[in-house]
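These notes concern the structure reproduced below.
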Amino acid sequence: MSEIAKIELGGTTYEFPVIEGTENEKAIDISNLRAATGYVTLDTGYKNTGATTSAITFLDGEEGILKYRGYPIEELAEKATFIEVAYLLIYGNLPTVTELETFRSNITKHTLVHEDMKQFFEAYPAKAHPMGVLSSMVCSLSTFYPESLDPNRSPEAKDLTILRLLAKLPTLAAWAYKNSTRHPFMYPKNEFDYCKNFLYMMFAMPTEEFKVDPVVVDALNKLFILHADHEQNCSTSTVRIVGSSQANLYASISAGISALWGPLHGGANQEVIEMLEKIHADGGDVDKWVLKAKDKEDSFRLMGFGHRVYKNFDPRAKIIKKACDDILTKLGVNDPLLAIAKKLEQVALEDEYFKARNLYPNVDFYSGIIYKALGIPTEMFTVMFAIGRLPGWIAQWKEMTENKEPIGRPRQIYTGVVLRQYVPIEKR
Ligand code: ACO
């Protein structure tokens, strides 16, 4: 018999169904709560609230499990390509050879961005943060494709917008970087695969032959896969909630990019390197900075530690830690920041404060170090995360529109003044 949750209010007992997911996770379905009782729930930061049902990604924070469409992240990171994973997330199954070839070739047809967009880049100051540029550019794409403004126009139109976004985001991201260095923009080279093409547009110069170590391409492929989806996190929930108003996909993804920018979310990978640099410049006394992180009077936090849902370990961090060691060895990088990172990790893992609060290194702790070793500039780290997360955002948006979810609109408990009378300005 299925479970029932009971709530007693003012002497009346109300019953609510309990729903169970395919991984046995349970939720009390309170969709009818307000209508039945007049009450709402209060859950600041949505720590206990399931905003939707979803068949895309499963994660168990206690056990450190992450699966995309049922495939463990460990297997995908080791064996798949990012484009294969993108297809899996968006369309539900791993592609066949033909499906993958078609998908790949369709993406390469759309890698160019409209020439007029080059002028937008040039109008930004060289110091503009690339996340601000990227978010604006993605929203600007909607102005070139007016047919995308109606997200429900047709499945074919939806697919075309999806392909355009997947194809153009690396171009826009690389151009945002090129613009910050005032170097010439490099046009995409479609004979390269997705990751190599991005590195080409980032690092190639028209005057030199482009060479890239395959280790770097592989590392990027792995990092993008690890970032590709993470169920209802801050940026994904943003994409879903913006999309729920039937705003177009470009606008929804642009909002997701903005949400990802924050230092408590994707922006943490940049903050990790900046923190390690600060500790290095300060003499490398890790214990001092751990004490600061524990001091409640001090706003400093150890960036790259802690996670809203992983309270045991972050499975992505486990994979990435190994990849980090491999890549640094293969590339022969000997970075003093890495030594500080390792010491920090060791001290924090043994410290009671961090143990009691289940604060472990998260994916951003190591991804920043890898990106640095790959030669990616610090300000571009969160942009890299955005490119990796794009298929997840798209998959979640697509699922939300196909399930015809209602507009997202939380309630609140009002705590302000009840009633005041307007006082003319001269009498205030
Ligand atoms: N350093 C020091 N103390 C910390 C840290 C940290 N990095 N993270 C959490 N804590 C402490 C808090 O002060 C709090 O202590 P208290 O119980 O004594 O008050 C306790 O641990 C719980 O922290 P919350 O902020 O309530 O946890 P929450 O789940 O809301 O936040 C978050 C999770 C935002 C990731 C947090 O751990 C944090 O700020 N980490 C640093 C930023 C970071 O690395 N973000 C990347 C997340 S991964 C991603 O988005 C891809």
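Counting convention: from 1, in listed order, for ligands and their atoms alike. Values in this document were obtained by computation on a predicted structure and should not be read as measured data. For reference, positions follow the sequence shown, starting with 1.
If you number the atoms of ligand 1 from 1 as listed, the ones under 4.0 Å from a heavy atom of Gly304 come out as 43 (C), 44 (O). Counting the atoms of ligand 1 from 1 in the order shown, those under 4.0 Å from a heavy atom of Gly306 are 35 (C), 37 (O). For ligand 1, the atoms closer than 4.0 angstrom to any heavy atom of Ala293 are 2 (C). Under a 4.0 Å criterion applied to the non-hydrogen atoms of Ala268, ligand 1 contributes the atoms 43 (C), 44 (O), 45 (N), 46 (C). Residue Phe385 has at least one heavy-atom neighbour below 4.0 Å for each of these atoms of ligand 1: 51 (C).
Of all protein heavy atoms, the one lying nearest to atom 40 (N) of ligand 1 is Phe305 O, 2.9 Å. Looking from atom 5 (C) of ligand 1 to the surrounding protein, the closest heavy atom is Leu359 CD1, 3.9 Å. Scanning all protein heavy atoms for the shortest distance to atom 50 (O) of ligand 1 gives His265 ND1, 3.0 Å. Of the protein's heavy atoms, Leu264 O, 3.3 Å lies nearest to atom 45 (N) of ligand 1.
Between Gly266 and ligand 1, not a single N/O pair is under 3.5 Å apart. Any N or O atom pair closer than 3.5 Å counts here, and Phe354 shares no such pair with ligand 1. Any N or O atom pair closer than 3.5 Å counts here, and Asn362 shares at least one such pair with ligand 1.
Among Trp393, Tyr310, Tyr68, the one residue that satisfies the ring-ring contact (aromatic ring centres under 6.0 Å, His included) test with His230 is Tyr310. The one candidate from Phe365, Phe224, Phe381, Tyr366 that meets the ring-ring contact (aromatic ring centres under 6.0 Å, His included) condition with Tyr371 is Phe381.
A search for side chain to side chain contact (heavy atoms under 4.5 Å, CB included) contacts involving Leu9 returns Ile7, Tyr14, Thr37, Tyr39, not counting sequence neighbours.
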Tell me which donor-acceptor pairs under 3.5 Å the side chains of residues 72-84 have, and how far apart each pair is, sequence neighbours excluded?
{"residue": "Thr81", "atom": "OG1", "partner": "Glu84", "partner atom": "N", "Å": "3.2"}
{"residue": "Glu84", "atom": "OE1", "partner": "Thr81", "partner atom": "N", "Å": "3.1"}

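Nearest heavy atom pair, residue Thr111 against residue Thr171, reads O-OG1, 2.7 Å.
Contact analysis leaves His227 out of contact with ligand 1, as no non-hydrogen atom separation drops below 4.0 angstrom. Residue contacts with ligand 1 include Lys311, since one of its heavy atoms falls under 4.0 Å from the ligand.
In this structure, of Lys296, Arg301, Lys294, Met303, the residue bringing a heavy atom nearest to atom 39 (O) of ligand 1 is Arg301. Nearest residue to atom 3 (N) of ligand 1 from Phe365, Tyr360, Tyr310, Tyr353 is Tyr353 (criterion: closest heavy atom). For atom 1 (N) of ligand 1, the nearest non-hydrogen atom from the set Asp295, Asp364, Leu302, Val272 belongs to Leu302. Scanning Met275, Arg308, Arg357 for the heavy atom closest to atom 20 (C) of ligand 1 points to Arg357. Among Glu271, His307, Lys47, the residue whose heavy atom lies nearest to atom 48 (S) of ligand 1 is His307.
Judged by the 6.0 Å and 45° rule, Lys118 forms no cation-pi pair with Phe185.
Under the 4.0 Å distance rule, the nearest protein heavy atom to atom 27 (O) of ligand 1 falls outside the cut-off.
No salt bridge links Asp229 with Arg69; every basic N to acidic carboxylate O contact stays at or beyond 4.0 Å. Asp326 has a carboxylate O that lies under 4.0 Å from a charged side-chain N of Lys322, or vice versa, which qualifies the two as a salt bridge. For Glu101 and Arg104, the salt-bridge test passes: some basic side-chain N is under 4.0 Å from an acidic carboxylate O. Residues Lys330 and Asp213 are not paired through a salt bridge, judged by the lack of any N-O separation under 4.0 Å between the basic side chain and the carboxylate.
Using the six-membered ring where Trp is involved, Phe144 and Phe120 have ring planes that are tilted, between 30° and 60° apart.
Contact check for Tyr200 versus Tyr187: no side-chain heavy atoms found under the 4.5 Å cut-off.
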